[in-house]
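Following: one structure in C-alpha cells, then a few remarks.
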There are 2 protein chains.
Amino acid sequence: MVEPIGPKEEHILNIAMQVFVEKGWHGTKMQEIADRAGVNKAMLHYYFRSKERLYSTIFRQLFMKYMSSLSDSFQPEQDFASTLKQFINRFSDMLRDNPQLPMFVARELSEGGAIVQQCVRELVKDGKLQTPQKFIDEIKKAEARGEIEHMEEPVHFLFTLIGSCIYFFLAGPIIKPLFPGLLSDPDAFLEKRKEAIFKHLYFGIKKRGDNT
Amino acid sequence: MVEPIGPKEEHILNIAMQVFVEKGWHGTKMQEIADRAGVNKAMLHYYFRSKERLYSTIFRQLFMKYMSSLSDSFQPEQDFASTLKQFINRFSDMLRDNPQLPMFVARELSEGGAIVQQCVRELVKDGKLQTPQKFIDEIKKAEARGEIEHMEEPVHFLFTLIGSCIYFFLAGPIIKPLFPGLLSDPDAFLEKRKEAIFKHLYFGIKKRGDNT
DNA sequence: GTCTATAAGTCGATAGAC
DNA sequence: GTCTATCGACTTATAGAC
C-alpha cells in the first residue's frame, strides 16, 4: 500500500504542496506546479496520474499533520497550568513554522470536495482523531485536584483555546495593515502572543479581589 | 458613483453572493450563478460586464459586513463585563446568521487576488476599519477604573476574543464528526458557547483563592 | 432586454517520438 | 523516463437575431 518514492517524486510532491496550500484545489494549475518544480507537465501525470490523486495525497498528509500537531502539543505535565502553557507553546510554534496550514485545512474543508469529505470520514473511522477526549479527561482531573473551576462542558474550553492560538494566523492579512509595526519582530510578537493567551485563559482579565 | 439597481439586478447579486461564498473565486462558474438565479448566462454580462466586476461588488459588500459587525457588536456599557458580554452575544448572533462569512473572508484574503488586496487597502485608507482602537481604549478605561487586570498589549485580548468567537464557525466540518450530538440543538449550543467564552476570558479557569 | 450560437482562451490529460 | 504536440472538455465573454 505504501509505495517507496524516489527523490524526484518527493521534490514534485513538496512543490505541489506549496502551490495547493497557496491556491487551493480550484486555484492550482498543473502547469504552475510543473514550472515551479522545474519539470515537464507530462511528468506530473506520469508520476501521479491525475490532479485528483496528487491533491488527495497532499491533503491527507497536511490534514494529518495538522491534527497530529494538536495531539503532539498536548502532553500532561505536573499541573494543568504547565500542561496548558506547553500546549500553547508547542502548537503556536507549529503554526509559526506552517503559517498557512490552518487556512489550507479550513478552506478545503469548507469547499468540501468529495476527496476531502472521504478523507475526514476515513480518519474518524480509523480512530485517528481522538486527541480531544484526552484533553477533556485531563481537564476533569485538574478539576478533581481542585486546580481549576468546574466546567459544565469542557469541550468549550478546547474551542476557546484552539481558536485563540489560530486566529492570528488566519487573520494575518487583516491584522497586518490594521496594526502596522506590531509585527516588526515576528518572533518577539509570537512570544508575547503565547503569554497573553495563557494569561487570558488561565487567569482571565477580571481584577482579583474584585467582587463585581 | 452609486448606481440605483433594479430588483432583477439585486436578485442576481444575492444569488451570486451565495455561490461565491460557497465556492470562492475559482470555484464559482458564471453558468451556475445564471442557473440558480433562473436567468440566462448572457444577462450576467449584460448587467455586470464581467465575473471580476460581479465578484468585486460582492467581496466589498461582504467584507464590509464582516468588519462592520465587529464594530456594531462593540458598544460600551456601564462596566467592562457587560461590554464584553454584549460583544460576544452580538458577534456570535451575527455569525450564527452568516455562518460562512468568516470562512469566505479568510479564504479570499488568503488566496489574495488583486481585487481583494485593493479592496482592503482602500478601506484602510478611507479609515473605515478603526474599531480596534475604540475597543482598546475601552480596555484601558476599564483598567483605570480598576475593573480588570493591567494588560501590556490590549490588542492581544482582542485577538483572543475574536478567535474564540469565530473558531467554531471555521472548524465546523471537523467538530461535527468528532463530537456527534453536540450540535443536536444548535441554538442551545450557541447560548452555552457564548457563556463559556465570557467565563473563560473574564474569569479564567484558575480556581479562585488558589495561589499555585 | 433576452436568447442562441460561437469565438477565444485555458486546463487536464494523453499519444507518440526519442 | 522525458519531451512536444495536441485532443477534448470547460469557461468567460460577445456578436447578432429577435
Side-chain angles (χ1 to χ4, degrees), chain A residues 3-61 104 107-108 111-119, chain B residues 3-60 104 107-108 111-116 118-119:
Chain A
E3 302 154 18
I5 54 173
K8 195 152 197 171
E9 259 168 289
E10 192 152 339
H11 175 242
I12 294 174
L13 217 46
N14 283 332
I15 300 290
M17 189 176 292
Q18 291 172 25
V19 184
F20 275 119
V21 164
E22 281 175 34
K23 319 213 165 173
W25 164 257
H26 289 290
T28 295
K29 315 297 168 195
M30 294 297 265
Q31 188 63 61
E32 182 171 354
I33 296 175
D35 291 345
R36 286 218 237 168
V39 302
N40 191 286
K41 183 165 66 103
M43 296 311 295
L44 263 46
H45 290 91
Y46 174 76
Y47 282 118
F48 300 98
R49 261 175 70 106
S50 71
K51 184 182 176 183
E52 243 182 35
R53 268 173 178 271
L54 184 54
Y55 175 78
S56 177
T57 307
I58 286 169
F59 176 80
R60 235 168 267 266
Q61 210 169 311
F104 173 77
R107 183 208 296 152
E108 302 309 304
E111 294 190 1
I115 306 168
V116 175
Q117 286 177 17
Q118 191 199 334
C119 189
Chain B
E3 301 155 20
I5 55 173
K8 194 151 196 171
E9 258 167 291
E10 192 151 341
H11 175 242
I12 294 174
L13 217 46
N14 283 333
I15 300 291
M17 188 175 293
Q18 291 172 23
V19 184
F20 275 119
V21 165
E22 282 175 34
K23 320 214 165 174
W25 163 257
H26 290 289
T28 294
K29 313 298 168 195
M30 295 295 266
Q31 188 62 62
E32 183 172 354
I33 296 175
D35 291 344
R36 286 217 238 169
V39 302
N40 191 285
K41 185 165 63 102
M43 296 312 294
L44 296 183
H45 290 92
Y46 173 77
Y47 282 119
F48 300 98
R49 261 174 71 102
S50 70
K51 184 182 175 182
E52 242 183 28
R53 269 174 178 269
L54 184 54
Y55 176 78
S56 176
T57 307
I58 287 169
F59 177 81
R60 235 167 268 266
F104 174 76
R107 182 207 297 150
E108 303 309 304
E111 294 189 2
I115 306 168
V116 175
Q118 191 200 335
C119 188

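Residue numbers start from 1 in every chain, and the chains themselves are labelled A, B, ... in the order their sequence lines are given, proteins ahead of strands.
No side-chain heavy atom of B:His26 sits under 4.5 Å from any side-chain heavy atom of A:Trp25.
With hydrogens and angles ignored, a donor-acceptor pair closer than 3.5 Å exists between the side chain of A:Lys41 and the base of C:dG12.
For A:Lys29, the NZ atom sits in a packed shell: over 12 heavy atoms of surrounding residues, nucleotides or ligands are nearer than 6.0 Å. Annotation: A:Gln31, atom CD; neighbour count of heavy atoms from other residues, nucleotides and ligands within 6.0 Å is above 12. Within 6.0 Å of CD on A:Glu52 lie no more than 12 heavy atoms contributed by other residues, nucleotides or ligands.
When rounded to the nearest whole Å, the span between NZ of B:Lys29 and C1' of C:dC11 equals 10 Å. Atom CD1 of A:Ile33 is separated from atom C1' of C:dG12 by 11 Å (rounded to the nearest Å). Computed from coordinates, the B:Gln31 CD to C:dT4 P distance equals 11 Å when rounded to whole Å. We find that CD of A:Glu52 is positioned 18 Å from P of C:dC11, with the value rounded to whole Å. Across the protein-nucleic acid pair, A:His26 atom NE2 and C:dG12 atom P stand 12 Å apart, rounded to whole Å.
Judged by distance alone, the side chains of A:Arg53 and A:Thr57 never bring a donor and an acceptor atom under 3.5 Å apart.
Contact check, A:His45 against C:dA13: a side-chain N or O comes under 4.0 Å of OP1 or OP2.
Among the protein residues, A:Phe48 comes within range of no part of the nucleic acid, since none of its heavy atoms lies under 4.0 Å from any strand.
If A:Ser50 and B:Met43 are placed on DNA chain C by their nearest nucleotide, the residue sitting closer to the 5' end is B:Met43.
When DNA chain D is scanned in the 5' to 3' direction for atoms under 4.0 Å from non-hydrogen atoms of chain B, the outermost contacting nucleotides are D:dT11 to D:dT14.
Between A:Glu32 and A:Arg36 there is a salt bridge, since a side-chain N of the basic residue sits under 4.0 Å from a carboxylate O of the acidic one.
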